[in-house]
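These notes are about the structure you will find just below.
These numbers come from the heavy atoms of this one structure, side chains and all, not from hydrogens, waters or symmetry mates.
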Amino acid sequence: MKLHLYHAINPPDLMKQNFTQTTEEADRLFHENMALAIRISGDFCEPGYDRDDLKQEALIALWDAARWWKPSVRAFNIWAGLCIRKRLRRHMGRRVHAPLIQGNPKAMANIVAPRRNRGLTV
């Protein structure tokens, strides 16, 4: 069997995603639990973070949770909540630019920098 360069770099076995849910099942779980993701993203809203960005990150995490959920391990809403919160914490921790606050430059003084930028150890 002759392997092409593409297959030598990316073997076909490694390219396959072994999702635990079919696309149709994941789509159903996603649409049934969108309100959960939006509610959790609202809990993470802080000054300096865009509400729409947090909502989008929560929905991406919900889609990943729907694809990887194993019904034998735990209920979906618990699994999805864990995945969403983890992704939102990671998103908020990697903020590398100052937030854009239009119309009120003095509002920037009220925004607390993330802990790692204040020189504190966690």
Side-chain angles (χ1 to χ4, degrees):
M1 178 170 103
K2 183 178 179 183
L3 289 176
H4 297 283
L5 179 61
Y6 177 78
H7 291 297
I9 296 171
N10 300 311
D13 294 337
L14 296 177
M15 291 187 300
K16 295 179 184 175
Q17 295 288 335
N18 295 321
F19 299 123
T20 56
Q21 302 295 320
T22 63
T23 304
E24 294 81 17
E25 181 67 17
D27 192 45
R28 183 186 65 78
L29 288 168
F30 176 81
H31 287 291
E32 288 177 359
N33 293 283
M34 283 180 66
L36 173 70
I38 293 169
R39 182 180 56 78
I40 292 173
S41 70
D43 295 341
F44 279 79
C45 286
E46 292 181 2
Y49 291 97
D50 186 27
R51 183 179 299 265
D52 291 334
D53 286 346
L54 294 173
K55 184 174 155 183
Q56 183 177 14
E57 289 290 330
L59 291 173
I60 292 169
L62 177 64
W63 178 249
D64 285 341
R67 290 189 303 171
W68 292 103
W69 177 55
K70 294 179 183 176
S72 61
V73 177
R74 63 176 54 98
F76 180 73
N77 60 348
I78 296 171
W79 169 251
L82 291 170
C83 293
I84 293 167
R85 285 180 183 90
K86 181 178 178 181
R87 184 169 183 119
L88 288 174
R89 282 188 202 105
R90 193 171 57 230
H91 172 73
M92 293 177 82
R94 69 173 175 242
R95 184 177 76 176
V96 293
H97 55 71
L100 301 174
I101 299 177
Q102 298 176 354
N104 190 1
K106 291 183 181 179
M108 289 292 291
N110 297 331
I111 297 174
V112 179
R115 292 189 80 154
R116 64 175 183 220
N117 292 342
R118 286 189 260 152
L120 301 175
T121 57
V122 179

Item to check | Residues Ser41, Leu88; criterion side chain to side chain contact (heavy atoms under 4.5 Å, CB included); working and verdict | outcome: CA-CA 7 Å; Ser41 70; Leu88 288 174; 4.3 Å; yes
Checklist entry - Members other than Ile38 in its cluster, when Ile, Leu, Val, Met, Phe, Trp, Tyr link by side-chain heavy atoms under 4.5 Å? => result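 Reading the cluster by chain and number, Ile38 sits alone, since nothing else belongs.
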Item to check | Partner residues of Glu46 under the salt bridge (charged side-chain N to carboxylate O under 4.0 Å, His left out) criterion, sequence neighbours left out | outcome: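 Result, salt bridge (charged side-chain N to carboxylate O under 4.0 Å, His left out) vs Glu46: none returned.
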Item to check | Contacts of type salt bridge (charged side-chain N to carboxylate O under 4.0 Å, His left out), residue Arg74, not counting sequence neighbours | outcome: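 Result, salt bridge (charged side-chain N to carboxylate O under 4.0 Å, His left out) vs Arg74: none returned.
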Checklist entry - Do you reckon Trp68 sits in the same ILVMFWY cluster as Ile84, going by side-chain contacts under 4.5 Å, direct or chained? => result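 In one cluster: yes.
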Item to check | Shared hydrophobic cluster, Leu82 / Leu62 (ILVMFWY, side-chain heavy atoms < 4.5 Å) | outcome: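 Different clusters: Leu82 never reaches Leu62 through Ile, Leu, Val, Met, Phe, Trp or Tyr contacts under 4.5 Å.
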Next on the checklist: Could you work out, with side chain to side chain contact (heavy atoms under 4.5 Å, CB included) as the rule, every residue matching Ala66, not counting sequence neighbours?
Outcome noted: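 Checked Ala66 against side chain to side chain contact (heavy atoms under 4.5 Å, CB included); matches are Ala26, Leu29, Phe76.
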Checklist entry - Mind checking what makes side chain to side chain contact (heavy atoms under 4.5 Å, CB included) contact with Arg28, not counting sequence neighbours? => result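 Result, side chain to side chain contact (heavy atoms under 4.5 Å, CB included) vs Arg28: Glu25, Glu32.
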Next on the checklist: Could you work out, with side chain to side chain donor-acceptor pair (under 3.5 Å) as the rule, every residue matching Asn33, not counting sequence neighbours?
Outcome noted: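 Asn33 satisfies side chain to side chain donor-acceptor pair (under 3.5 Å) with no other residue.
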Checklist entry - With sequence neighbours left out, what residues match Asp27 under side chain to side chain donor-acceptor pair (under 3.5 Å)? => result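 Partners of Asp27 under the side chain to side chain donor-acceptor pair (under 3.5 Å) test: His31.
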Checklist entry - Got a sec, which pairs hit side chain to side chain donor-acceptor pair (under 3.5 Å) with one end in residues 52-65, sequence neighbours left out? => result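 Applying side chain to side chain donor-acceptor pair (under 3.5 Å) to every pair that reaches into residues 52-65, excluding sequence neighbours, yields Glu57-Arg87, Asp64-Arg67.
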Next on the checklist: Tell me which pairs pass side chain to side chain donor-acceptor pair (under 3.5 Å) where either residue lies in residues 75-85, with sequence neighbours left out.
Outcome noted: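 Found none.
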Next on the checklist: How close do Ala58 and Ala37 get, counting heavy atoms only, and between which atoms?
Outcome noted: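 For Ala58 and Ala37, the tightest heavy-atom pair comes out as CB-O, 3.5 Å.
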Next on the checklist: If you compare all heavy atoms of Leu36 against all heavy atoms of Ala80, which two are closest, and at what distance to 0.1 Å?
Outcome noted: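 In terms of heavy atoms, the two residues are closest at CD2-CB, 4.0 Å.
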Checklist entry - Donor-acceptor pair, Tyr49 side chain versus Met92 backbone, under 3.5 Å? => result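 A pair under 3.5 Å: yes.
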